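Both backbone and side-chain heavy atoms feed into the values below; hydrogens, waters and symmetry mates do not. Please read all numbers here as calculations on a predicted model, not as lab measurements. We count residues from 1, following the sequence as given. Just follow the structure's listing: the first ligand is 1, and inside any ligand the first atom is 1.
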Amino acid sequence: MSTTAIAKSTQIAGTQLHEVKLVSLKEHKDSRGSFTEIFQDHWGTVLKPVQWSVVKSEANVFRGMHYHQRHDEYFCLIDGHCVLGLRDLRAGSPTQHQSALFELFGDDPAALIFPKGMLHGWFFHTPALHIQSVSEAYVDYGGDDNWRCAWDDPELELPWGIENPILTDAASNAPSLRTLVAALERKGYM
Ligand SMILES: Cc1cn([C@H]2C[C@H](O)[C@@H](COP(=O)(O)OP(=O)(O)O[C@H]3O[C@H](C)C(=O)[C@H](O)[C@H]3O)O2)c(=O)[nH]c1=O
């Protein structure tokens, strides 16, 4: 009997970044459907959630690259197929200036939890639904702690394997990684 192997949500490039955790989730299926726990405080991750959001994306959409000095984040793909890139900018981190790329599938649910000071962005190969959480509310960080850089800057060292994604104007006009780092250094963040 042929069985279609489920694609695995996993890290596909880069290094194991300090304090970043990919938690594989257990989907409990029965004749009615399934039940999946998506977050537990006892996992011991950096996240103390303050806000949860549901995000729908069309195929070929790229969201990011974003950077926050003050809050940690959570990402869990519920439906679809995406790649998620991180780059550690944190002063003093053992993995500063290192990157990691993850490939996530809704059929193999997993939660990616990463600390403040981590550049992040995600690309959706298919129409997708994901859950996102942050440790500071958007109303508090959106105005002064929502930094950006260009998603395709080669100095990010993220082998996205994509071309011409759908971007917002802000994402299309985001500065280079070097320009962002210089701005963060001027703020004393790095
Ligand atoms: C983030 C956020 C957005 N919005 C509104 C603001 C816009 O009208 C719309 C889309 O927001 P935005 O273009 O910022 O969404 P993303 O490009 O996915 O970016 C967001 O998610 C990435 C990962 C980030 O790290 C950003 O900080 C965060 O802005 O939703 C809200 O009402 N509440 C929110 O918490």
Task: Arg70, CZ atom: more than 12 neighbouring heavy atoms under 6.0 Å - done: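 Check passes, neighbour count above 12.
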Give a table of atom pairs where an N or O of ligand 1 lies under 3.5 Å from a protein N or O.
from	atom 1	to	atom 2	distance (Å)
ligand 1	18 (O)	Arg63	NH1	2.9
ligand 1	21 (O)	Gln132	NE2	3.2
ligand 1	25 (O)	His68	NE2	2.9
ligand 1	25 (O)	Glu73	OE2	3.3
ligand 1	25 (O)	His120	NE2	2.8
ligand 1	27 (O)	His68	NE2	3.2
ligand 1	27 (O)	Tyr141	OH	3.2
ligand 1	27 (O)	Asn146	OD1	2.7
ligand 1	35 (O)	Gln51	NE2	2.8

TODO: Sort out for me which residue in Trp52, Phe75, Phe105, Tyr74 forms a ring-ring contact (aromatic ring centres under 6.0 Å, His included) with His130.
DONE: Phe75
Open item on the list: Are Val23 and Ile78 linked, directly or through intermediate hydrophobic residues, by side-chain heavy-atom contacts shorter than 4.5 Å (ILVMFWY only)?
Closed with: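 Result: yes, single cluster for both.
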Open item on the list: Going by ring-ring contact (aromatic ring centres under 6.0 Å, His included), name the residues that satisfy it together with His125, two or more places apart in sequence or in a different chain.
Closed with: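 Testing His125 for ring-ring contact (aromatic ring centres under 6.0 Å, His included), a comparison that skips the adjacent residues, returns His81, Phe123.
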Task: Sequence neighbours excluded - side chain to side chain donor-acceptor pair (under 3.5 Å) pairs with any residue from residues 159-176 - done: Ser176-Thr179
TODO: Give every residue pair that meets the salt bridge (Lys or Arg N to Asp or Glu O under 4.0 Å) criterion with at least one member in residues 89-100, sequence neighbours excluded.
DONE: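 Checked against salt bridge (Lys or Arg N to Asp or Glu O under 4.0 Å) - neighbours excluded - the pairs reaching residues 89-100 are Glu19-Arg90, Asp88-Arg90.
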